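What follows is a short report on a single structure.
The basis for the numbers below is simple: all heavy atoms, side chains too, and nothing from hydrogens, waters or symmetry mates. If you're wondering where the values come from, they're calculated on a predicted model, not measured in any experiment. Atoms within a ligand are numbered from 1 in the order they appear, just like the ligands themselves.
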Amino acid sequence: MTTSRTGTESPRLGEAEAHHLDDTDPGHRHLFHVPPAGGGRYPDAAYLAGNSLGLQPKATRAELLADLDAWRRLGVEGHLEGERPWLPYHEFLTAPAARLVGARPTETVVMNSLTVDLHLLMVSFYRPAGERTRIVIEDTAFPSDSYAVRSQARYHGLDPDSTVVRLRPRPGEENLRTEDVTGFLAAEGHTVALVLLGGVNYLTGELMDIPAITAAGRAAGAVVGWDLAHVAGNVPLALHDWDVDFAAWCSYKYLNSGPGALAGVFVHERHHGDPALPRFEGWWSTAADTRFEMTPVSRPPATVEAWQISNPPIFAMGPVRTSLELFDSVGMPALRERSLRLTGYLERLLDEVIADRPLTVITPRDPSRRGCQLSVRIAEGSANELTKRLRHEHGVIADAREPDVVRFAPVPLYSTYHDCWRVADALAATVEAGA
Ligand SMILES: *Cc1c(COP(=O)(O)O)cnc(C)c1O
């Protein structure tokens, strides 16, 4: 494939090629509502912010209204009657969620929101004892995760500054090397109670080697959990086979289930039914067939459902169910294939644009070390200012992380090659060359 240029200062970057690629490798954009941008001048935004908030599937509205209608028609009977009774509603999400993350159905449940779930999982899986007290995170962990682990340390009467270990890339490097993480665990793992890393780093877009780090952490005697907020729906997973202890992910980023959507949880089956594990319980922790016996003592099932506490918000479950069904029908392997082509294409265009501009791609260049997101560091000006101009002047919606990182996520379900072309074209027009 060649890229034709029609100018030197602002290369046209082969717009015809982008259209051709969209014809031959179309994706599923027609299943989504794409918002306008630039005050309506761009009826379809080039939406590259699906790593922050995914777009609305067209199917969601009708499905949500059907659940609302069931309440109107059935009142309390809706718990047991109707097309999707509320009592077992979470079970409709279990199989597709399990397929999404490579788990057994007994290992996944959709409940609460992400940080809440991380806390509930740490109740069970962060149990500092003796010299084994430390929690390992990455220095660029999403702030919520950092606050969560620091508050867990305090909850156990420990000093968060000495308890939480923040792994940094080597000087002059942007990303953590797997061997630096596994090397740390081999050397100091006897002091580590919990490893809790982001599977894809929200800032750099680096995909960690989840199986290798999980194996190293467990070999060192630590518990290994993963925050998969930027992985679920982005990269295929095999949590069961990788022996991951636990994981959680939100559903409003790549899973397109709406702002603040419910989170998914994975607990490996080797922990199910373990009476030694502390858990916080409520009436949804007890086995479904005993729930209405209203006994004072719970009888939790030997599945991840033992970690549930409350009856779930049905109107929040609906959009997750609709989205998971879509992922189930397309399949993560096919999505990942398209994702590699789409992000590779954006990378190639960005390389043309950044050649003579003060911009650097900080995401790993090896496609097996990243998901769909490419993060660009700007040497001048503010990331917020740049994304504002991209949005208003070019209809390109990207996400800024101050002071100097702009994130572009071509989402394999609905982003197009032409979206990627618009990003590169807009950057070429917006960022002064020759700096
Ligand atoms: C998006 C994100 C969160 C958000 O947490 P909520 O509890 O859903 O508000 C947490 N951690 C990571 C790594 C994220 O990317």
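At a heavy-atom distance under 4.0 Å, only side-chain atoms of D227, from C-beta outward, approach ligand 1. Contacts of D145 with ligand 1, taken as heavy-atom pairs under 4.0 Å, involve the side chain alone.
In terms of protein heavy-atom proximity, atom 9 (O) of ligand 1 is closest to Y252 OH, 3.6 Å. Protein heavy atom at the shortest distance from atom 1 (C) of ligand 1 is K253 NZ, 1.4 Å. Ranking the protein heavy atoms by distance from atom 3 (C) of ligand 1 puts F142 CE2, 3.4 Å first. Residue, atom and distance of the protein heavy atom nearest to atom 5 (O) of ligand 1 are T115 OG1, 3.2 Å.
Taking 4.5 Å as the limit, some side-chain heavy atom of N112 sits within range of a side-chain heavy atom of L120.
A donor-acceptor pair under 3.5 Å links the side-chain atoms of R279 to the main chain of A306, judged by distance alone. Side chain of S144 to backbone of T115: no donor-acceptor contact under 3.5 angstrom is found. Between the side chain of T133 and the backbone N or O of P128, no donor-acceptor pair lies under 3.5 Å.
A side chain to side chain contact (heavy atoms under 4.5 Å, CB included) with V101 is found for exactly one of V265, V231, L237, namely L237.
Here is the list of ligand 1 atoms found below 4.0 Å of a heavy atom in H230: 15 (O).
Ring planes of Y254 and H230: perpendicular class, angle over 60° (limits at 30 and 60°).
Below 3.5 Å of separation, one finds no N or O of S113 facing any N or O of ligand 1. The shortest N/O to N/O separation between S144 and ligand 1 does not fall below 3.5 Å.
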